[in-house]
Amino acid sequence: MLARYTLGALAHVALILAWYLFVRFGDVPKYVMPSPGATLEALLEPNYDWWSGIAVTGTEIFAGYFLALVVGVALALFFTWSKILEAFFMPLLVSLNMIPKVALGPLIIVWFKYGMLPNSLMAFSIAVFPILLTTARGLSEIEPELLDLVRSLKGSRWQLFTKIQLPGALPYIFSGMKVGAILAVAGAVVGEFLASDKGLGYLMLQVQVTLDTPAMFMAVILITLLGVALYGMVLGLERLVVPKDARVA
Amino acid sequence: MSPEPFIRLCGVRKVYRTAGEEHLAISDATFDVMPGELVSLVGPSGCGKSTLLKVLAGLHPHDGGDLRIGSAANPFDPSRDVGMVFQAPLLLKWRRVLENVLLPAEILGLPLAAARERARELLALVGLSGHEDKYPYELSGGMQQRAAIARALVHDPKLVLMDEPFGALDALTREKMNLELLRIWKEAGKTIVFVTHGISEAVFLGTRVVVLTAGPARMADNFVIELPRPRTLDMKTHEQFGVYSRRIYRLLGME
């Protein structure tokens with residue numbers, strides 16, 4: 001196990017090293033690709049106000065994601081409560097999921113102006129579907145014989161739900177949450193690209209004009225780290241509530 | 001005075017309707033099960049044996065004939081007095097073994113402290129002492145099925161219905177589980193209806209064998225197995241064991 005973690009860490013270090021060597025010996029201009037050191041130095045530029053960028057983009061991601069989680073799970077619970085509701089809504093959801101959510105960006109801006117709210121809504125709209133669809137799938141995946149077992153004891157619908165359906169769906173919910181976490185980051189950043197006046201995505205557009213590539217690299221890294229933080233939180237929560245064997249990859 | 005039968009089936013029929021067509025799943029099932037018997041229901045796929053088990057469990061209504069479970073002296077409560085074991089152990093992956101065994105007690109709202117105590121005793125009975133706090137994936141297939149048997153007994157039902165419970169196990173584990181089941185049955189003193197397509201398993205376990213045939217589904221035979229108890233594996237080589245087995249093979253058109 002330890003060896004696996006070590007190898008994984010080694011791969012990351014190797015990539016940074018390759019990046020460094022490529023820039024150092026490949027004679028690559030800084031505006032095309034800065035070295036790891038030059039990228040770090042971008043953090044020292046006070047005008048960029050990194051902390052505020054991290055706070056704004058982070059808030060958009062987390063707010064949109066949290067909303068997606070609450071709405072996604074709640075809708076899935078509602079839709080799968082009865083077979084008729086499920087048959088009515090699920091095909092519609094599958095169709096709606098086909099909409100490239102990024103294409104909704106300009107509309108969301110028309111409806112909600114620009115700022116943190118529409119960017120959170122972008123993150124929400126893109127993250128909600130995987131959470132909703134996997135939760136619904138998890139709730140409907142119940143062994144027919146397990147259903148027989150509960151029915152032979154005259155168990156109630158509520159008991160079936162709390163003792164078997166919901167805990168059985170948790171691994172699915174988490175697999176949707178993991179996909180959603182990655183997508184929420186993309187959603188928030190796309191929102192910032194479309195229209196915003198703060199955040200890391202906004203900063204990237206600003207420094208693009210001045211061809212400050214090190215700062216663009218740094219922004220990408222920070223956005224990635226925000227995603228890693230969110231993903232890590234989901235993973236940690238999963239470890240707490242879902243036993244090892246029940247997890248879905 | 002001979003005791004009253006615990007289960008009495010008289011001409012029980014079950015019909016499935018799919019797309020306007022009627023399909024006879026059980027026709028004229030007529031047999032009695034005495035209290036404390038272990039009755040084997042044997043037959044090929046499609047003979048209606050699993051359907052009959054579901055009718056006994058109260059999961060499906062029957063469409064004709066009389067079915068009575070329990071008697072005035074030995075009343076039967078359909079919601080509390082049925083324990084079920086299936087081919088798959090169907091343990092809940094997120095619950096530890098003890099918590100899995102407790103599931104029926106939770107659903108029935110039984111006092112949990114007492115149920116917990118009983119669950120521990122039952123796990124000891126099925127040979128799983130020391131495994132109470134493990135997760136199902138830490139157990140072998142045979143051990144998971146033992147836990148499933150403990151779960152079927154935790155609410156102290158009068159009737160235990162088993163649907164090919166050892167069908168997914170390898171041959172050696174299956175033989176071992178047969179012996180274990182006989183021991184558990186003796187100690188727990190339950191009435192058991194055991195569905196199988198294994199002819200030798202049916203004869204080895206049963207106090208009585210009910211033979212069902214497919215196409216059309218009907219009850220072909222019902223006879224008492226008069227082999228001594230406790231049963232031992234070497235009885236499978238006894239002449240009488242072969243006589244019973246051949247009787248079933250013949251009914252199933254395999255001889």
Side-chain angles (χ1 to χ4, degrees), chain A residues 1 73 76-77 80-81 83 87 131 134-178 234-249, chain B residues 50-51 53-61 69 77-97 99-110 133-139 144 148 151-152 154-157 159-165 167-168 195:
Chain A
M1 209 53 197
V73 172
L77 291 179
T80 50
W81 189 254
K83 285 251 179 276
I131 295 174
T134 54
T135 304
R137 168 142 179 253
L139 288 170
S140 55
E141 294 245 319
I142 169 170
E143 310 250 15
E145 291 180 322
L146 217 42
L147 199 64
D148 280 350
L149 182 73
V150 175
R151 284 175 51 216
S152 77
L153 298 161
K154 309 292 178 282
S156 66
R157 181 80 181 75
W158 180 248
Q159 283 176 324
L160 180 71
F161 175 69
T162 53
K163 294 193 187 298
I164 291 170
Q165 260 183 310
L166 189 60
L170 271 183
Y172 291 88
I173 298 177
F174 273 103
S175 90
M177 280 169 72
K178 284 186 238 173
V234 174
L235 223 54
L237 191 65
E238 182 184 34
R239 281 184 189 214
L240 277 181
V241 297
V242 184
K244 193 168 140 222
D245 179 60
R247 286 176 209 147
V248 177
Chain B
S50 294
T51 306
L53 208 66
K54 287 185 179 179
V55 168
L56 291 175
L59 294 170
H60 294 319
I69 309 181
D77 176 349
S79 64
R80 300 199 155 223
D81 281 335
V82 175
M84 296 194 84
V85 183
F86 303 92
Q87 182 167 5
L90 296 173
L91 299 176
L92 304 176
K93 289 187 220 173
W94 57 90
R95 287 181 174 229
R96 295 171 195 278
V97 171
E99 295 160 345
N100 260 294
V101 173
L102 281 172
L103 180 72
E106 286 176 21
I107 291 175
L108 292 171
L110 306 180
D133 292 330
K134 289 191 175 159
Y135 282 104
Y137 76 93
E138 297 175 277
L139 305 184
Q144 291 190 22
R151 178 179 62 189
V154 74
H155 49 300
D156 202 15
L159 176 62
V160 178
L161 303 169
M162 301 186 150
D163 193 356
E164 298 187 35
V195 161

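In the text below, chain A, chain B and the rest are named by the order of the sequence lines, each starting its count at 1.
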- Over 12 foreign heavy atoms within 6.0 Å of CZ, A:Arg137: no
- Message: Within the structure provided, determine whether B:Ser79 and A:Leu153 are in side-chain contact (heavy-atom separation under 4.5 Å).
- Response: no
- Query: Do A:Leu149 and B:Leu90 come within less than 4.5 Å of each other through their side chains, counting heavy atoms only?
  - Reply: no
- Flag side-chain contact, heavy atom, 4.5 Å: A:Leu146 against B:Phe86: no
- Item | Side chain, backbone, both or neither of B:Glu106 within contact of chain A (heavy atoms, under 4.5 Å) | both
- Item | Least distance between heavy atoms, A:Arg151 atom then B:Leu59 atom | NH2-O, 3.2 Å
- Toward chain A, the part of B:Arg151 with a non-hydrogen atom under 4.5 Å: side chain
- Minimum heavy-atom separation for B:Ala57 to A:Lys154, with atom names? O-NZ, 4.3 Å
- Task: Side chain from CB out, backbone as N, CA, C, O: work out which of these in A:Gln159 comes under 4.5 Å of a heavy atom of chain B, or both, or neither.
- Result: side chain
- Task: Hey, could you give me the NZ/CD distance between B:Lys54 and A:Glu145, rounded to the nearest 0.5 Å?
- Result: 6.0 Å
- So, the part of A:Ile164 with a heavy atom under 4.5 Å from chain B: the answer is both
- Task: Mind checking the CD1-OG spacing from B:Ile107 to A:Ser152? Nearest 0.5 Å is all I need.
- Result: 8.0 Å
- Item | Part of B:Leu103 lying under 4.5 Å from any heavy atom of chain A | side chain
